[in-house]
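Values in this document were obtained by computation on a predicted structure and should not be read as measured data. Order of the sequence lines sets the chain letters (A, B, ...), proteins ahead of strands, with each chain counted from 1.
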2 protein chains.
Amino acid sequence: MDSSSQIRAAASRLFATHGYEGVSLQSIADSVGVAKQTLLYHYPSKEALRRAVLEHVLEHWRRTLPAMLQAVTSGHGRFQALTEELVSFFDGDRDRARLLARELLDNPNDTKRLLVESLRPWILLVSEYIREGQKIGLIHADVDPESYVLHVVILVITTVANLTTIATALSGGGQADAQNRRETEQRHLAELIRMTRTALFAR
Amino acid sequence: MDSSSQIRAAASRLFATHGYEGVSLQSIADSVGVAKQTLLYHYPSKEALRRAVLEHVLEHWRRTLPAMLQAVTSGHGRFQALTEELVSFFDGDRDRARLLARELLDNPNDTKRLLVESLRPWILLVSEYIREGQKIGLIHADVDPESYVLHVVILVITTVANLTTIATALSGGGQADAQNRRETEQRHLAELIRMTRTALFAR
DNA sequence: CCTACCGATCGGTAGG
DNA sequence: CCTACCGATCGGTAGG
């Protein structure tokens, strides 16, 4: 992996953990093992590095979307895969979820634009399938399609972003072993999937 | 209002908007109209100010809990008030929701402790009522009570924390007037309440 | 509560 | 003249 990618990977991890303002260029450089100026050679400013990190996440999102839509919209039986696909995408790299959760709080205006440009077409398409499901009585008539999809996305992102913290609270806060913690996390994700499915399907 | 409260109020607003690391003591002092050193007279460190802000939110939460539990658990008809009560509490002061959403990301260990100490007894009590509802067939048998309540809390906090951003994305990103924006926000909160109710009640 | 400061560290740029 | 960096240091500001 070249320097530029290594720097972006380290920044992703640190921004996800401590937030943009909580990370210095020096700490990113140290974690890669280069001088701070090397970092500023590849990215002209800290802000440019932030955009590169975010863009890398969104690029992965855009690459994954077609297959996700295929899984969600091919046949009624597969439609409930909506939440599973989202959970799988974000749980595959929890830093992705944490970066987006932070971006939503830190940069509401930029994120607003990203939501409208990258996410809205996808939301509208899934909403169209929900409306078809409502016509044939498969989906509850009182579901607000666009609002529902957005709630599912937000719930998946924030749940995965805070899953370790939440799972510990759920299991009582004691020092559980890794096996036990992973089981509690899986149980919590299973309830998320059950909730979003039950809130959607009439039968 | 005394200086100490004014400082805490200004810090709450700024921490909620920019995050703890994104706010300098000087910027808090400026927004109150005092010297930075005045602030350090009332709160010995930035970290002490952070704890005071968080403690003030939790104090309000603990004061509100008894009435909320009363509303939620008195009779089956009122049980669905769970989400409404939570939405009302956090929507009444959105900085509360944003502070908790940030705290969850920034200080997972401290927040873990707070969740276990302040929230878990409440979650266990509500879960007990859910289990009674399951026995009489009022509530879906496959609901995971503790996990469900935790999901509702997280969903309400993050939805209210990001409601302005989300509502703009939902209405298309154009420059909607204040009236239109508030309507979209209410519509989105209504779907949240519908989702959590439908995911719970069998009939 | 304020004036006057501190050790250190911030994001960013210089020449080579 | 280019690339991929380095050691040193810029003007300002951080928390205390």
Among [options], the one nearest [X] by side-chain distance:
X        : options                  : result
Tyr41(A) : dC1(C), dC6(D), dA4(D)   : dA4(D)
Ala35(A) : dC10(C), dC6(D), dT3(C)  : dC6(D)
Lys46(A) : dG15(D), dG11(C), dT3(D) : dG11(C)
Ser45(B) : dC10(C), dG16(D), dC5(D) : dG16(D)
Gln37(B) : dA4(C), dG12(C), dC6(D)  : dA4(C)

Discussion item. Would Arg50(B) and Phe15(B) count as a cation-pi pair here, with the cationic atom under 6.0 angstrom from the ring centre and within 45° of the axis?
Written reply: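 No; the conditions do not both hold, so Arg50(B) does not lie above the ring face of Phe15(B).
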Worksheet entry | Distance-only polar pair, side chains of Ser127(B) and Tyr148(B), donor-acceptor under 3.5 Å | no
Worksheet entry | Where Arg194(A) and Asp142(B) come nearest, the two heavy atoms and their spacing |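 Scanning both residues, the minimum pair turns out to be CD-O, 3.1 Å.
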To the nearest Å, how far apart are [X] [atom1] and [N] [atom2]?
X        : N       : atom1 : atom2 : answer
Tyr43(B) : dC1(C)  : OH    : P     : 12 Å
Asp30(B) : dG15(D) : CG    : C1'   : 15 Å
Ile28(A) : dG11(C) : CD1   : P     : 8 Å
Glu21(B) : dG11(C) : CD    : C1'   : 15 Å
Leu39(A) : dG11(C) : CG    : P     : 10 Å
Arg50(A) : dG12(C) : CZ    : P     : 12 Å

Worksheet item: Considering only heavy atoms and no angle criterion, is a donor-acceptor pair shorter than 3.5 Å present between the side chain of Lys36(B) and the base of dG15(D)?
Response: yes
Worksheet item: Taking only side-chain nitrogens and oxygens of His42(A), does any of them come within less than 4.0 Å of OP1 or OP2 of dT3(D)?
Response: no
Worksheet item: According to a strict under-4.0 Å criterion, is Thr38(A) in side-chain N/O contact with OP1 or OP2 of dA4(D)?
Response: no
Return all side-chain donor-acceptor pairs below 3.5 angstrom for residues 22-31 of chain B, not counting sequence neighbours, or 'none' if the list is empty.
unit_1, atom_1, unit_2, atom_2, d
Ser24(B), OG, Ser27(B), N, 3.1
Ser24(B), OG, Ser27(B), OG, 3.4
Gln26(B), NE2, Asp30(B), OD1, 3.0
Ser27(B), OG, Ser24(B), N, 3.3
Ser27(B), OG, Ser24(B), O, 2.7
Ser31(B), OG, Ile28(B), O, 3.2

Practice prompt. Give the intermediate values and the outcome of salt bridge (charged side-chain N to carboxylate O under 4.0 Å, His left out) for residues Glu59(B) and Arg63(B).
Written response: CA-CA 6 Å; Glu59(B) 191 195 307; Arg63(B) 267 207 323 277; 3.2 Å; yes
Fill in: Stems where DNA chain C pairs, listed by first number, each of three or more Watson-Crick or G-U pairs under 3.5 Å
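Counting only runs of 3 or more consecutive pairs, none involve DNA chain C.
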Fill in: Pairwise C1' distance, dA4(D) and dG16(C) [rounded to whole Å]
13 Å
Fill in: Whole-Å P distance, dG12(D) and dA8(C)
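Going atom to atom, P in each nucleotide, I get 22 Å.
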Worksheet item: What does Leu40(B) touch in the nucleic acid at a heavy-atom separation under 4.0 angstrom: a base, only the sugar-phosphate, or nothing?
Response: base
Worksheet item: Could you go step by step and tell me if Arg182(A) and Glu185(A) meet the salt bridge (charged side-chain N to carboxylate O under 4.0 Å, His left out) rule?
Response: CA-CA 5 Å; Arg182(A) 187 69 198 160; Glu185(A) 291 180 358; 3.0 Å; yes
Practice prompt. Report the residue (Gln26(A) or Pro44(A)) whose heavy-atom-nearest nucleotide on DNA chain C is the more 5′ of the two.
Written response: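 Nearer the 5' end of the strand: Gln26(A).
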Practice prompt. Determine, step by step, whether Arg98(B) and Asp106(B) satisfy the salt bridge (charged side-chain N to carboxylate O under 4.0 Å, His left out) criterion, reporting the C-alpha distance in whole Å, the side-chain angles of both residues, the deciding distance to 0.1 Å, and the verdict.
Written response: CA-CA 12 Å; Arg98(B) 296 201 280 172; Asp106(B) 289 342; over 6 Å; no
Practice prompt. Evaluate the criterion salt bridge (charged side-chain N to carboxylate O under 4.0 Å, His left out) for residue pair Arg187(B) and Glu146(A); output intermediate values, then yes/no.
Written response: CA-CA 11 Å; Arg187(B) 174 191 149 196; Glu146(A) 285 82 9; 3.6 Å; yes
